[in-house]
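Since the structure comes first, as structure tokens, the remarks are kept for the end.
What you see is a predicted model; the values in this text were computed from it and never measured. Only this structure's heavy atoms are used, side chains among them; waters, hydrogens and symmetry mates stay out.
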Number of protein chains: 2
Amino acid sequence: MPRDHKPSGPLDDVSKAIIEQLQQDGRRSYAAIGKVVGLSEAAVRQRVQRLTESGAMQIVAVTDPVEMGFARQAMVGVRVVGSIDPVADELAAIPEVDYVVVTAGSYDILAEVVCESDSQLLELVNEKLRTIDGVVATEIFVYLRLQKQTYSWGVR
Amino acid sequence: MPRDHKPSGPLDDVSKAIIEQLQQDGRRSYAAIGKVVGLSEAAVRQRVQRLTESGAMQIVAVTDPVEMGFARQAMVGVRVVGSIDPVADELAAIPEVDYVVVTAGSYDILAEVVCESDSQLLELVNEKLRTIDGVVATEIFVYLRLQKQTYSWGVR
DNA sequence: AGTGAAACGACCGTAGA
DNA sequence: TCTACGGTCGTTTCACT
């Protein structure tokens with residue numbers, strides 16, 4: 001699922017203020033946001049539409065994995081021989097993998113996985129990750145505690 | 001910012017269906033969701049309220065760091081001597097750190113950082129992370145490409 | 001890009017099963 | 001925990017700047 005990325009230059013302060021409001025509550029009304037940022041409802045709505053269509057922002061529900069029955073998360077460091085891209089593609093196609101990033105460092109790829117149990121995690125890594133062509137090593141960092149997860153950059 | 005976590009047992013299929021709708025569009029109307037899941041508007045509203053108050057779900061704007069002027073992201077593996085908790089707390093308090101997880105493995109903590117430039121990243125790691133009491137080693141995984149980031153578990 | 005106004009639809013509180 | 005309903009407020013469309 002690649003993000004669309006229409007050009008859309010850097011954001012002005014008003015759009016940043018709108019985003020800040022929606023980071024606190026994605027359902028806050030355009031009218032209420034307009035009062036804070038000093039714009040009419042319609043203007044706020046237009047800017048939100050442009051921001052979402054350009055891919056700069058999206059308004060979504062994010063869930064707590066534990067409450068959803070996924071009690072075990074882990075980050076997997078992956079070392080690859082040969083081309084990295086096809087490996088990254090295959091990883092991204094796995095439903096239990098929710099985050100894939102190509103990195104510079106002692107791993108070529110970091111992949112976050114969400115599982116229901118330790119046994120499912122082990123099976124996933126052994127049978128779906130380590131069997132991908134080009135993967136030569138993996139290291140599992142089991143999550144003991146998620147300490148911070150924010151969707152607001154720079155602010156608060 | 002610790003999550004509140006009222007007890008609230010495992011979710012039934014209706015609540016999962018509601019969440020699925022809101023993962024696609026966090027602003028979808030309660031009435032429209034009700035038609036899909038077979039519930040009245042008010043019932044959907046009550047369930048969404050309970051889900052958000054229990055911390056199982058939140059509806060927020062998530063942004064593209066590049067569009068927001070944060071062109072450089074990295075994952076930092078942190079090795080700690082002594083108690084891990086105070087280090088995790090200090091890391092979580094840093095604004096540029098958006099994700100902190102305590103892990104089992106060759107790092108004790110993984111922290112994701114969001115910066116405007118390479119120089120800011122370097123300064124952050126050297127002056128704010130490595131100076132924390134108990135941190136004995138860090139390893140930086142600079143993000144070359146974010147390949148996948150989904151907020152929907154299990155589905156699609 | 002922005003405003004203002006009127007019609008429409010969504011949301012909220014309350015009552016009742 | 002759900003439905004029903006009425007009042008209030010938010011959203012949408014459109015003509016205008």
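- Salt-bridge check for A:D12 with A:R47: passed, with a basic side-chain N closer than 4.0 Å to an acidic carboxylate O.
- Using a 30° and 60° split on the angle between ring planes, A:Y151 and B:Y151 fall in the perpendicular class, above 60°.
- Atom pair B:D13:CG and D:dT1:P shows a separation of 16 Å (rounding to whole Å applied).
- Using cut-offs of 30° and 60° on the angle between ring planes, the pair B:F70 and A:W153 is tilted.
- With salt bridges taken as basic N to acidic carboxylate O contacts below 4.0 Å, one links A:K128 and A:E96.
- Taking the ring centre of B:Y30 as origin, the terminal cationic atom of A:R27 falls inside the region bounded by 6.0 Å and 45° from the ring axis.
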> What is the per-nucleotide protein-contact pattern of nucleotides 2-17 of chain D, from the 5' end, where B denotes a base atom under 4.0 Å from a protein heavy atom, S denotes such proximity for sugar-phosphate atoms only, and - denotes neither?
Replying inline: BBB-----SBBB----
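- In this structure, B:I59 atom CD1 and C:dC11 atom C1' are separated by 14 Å, rounded to whole Å.
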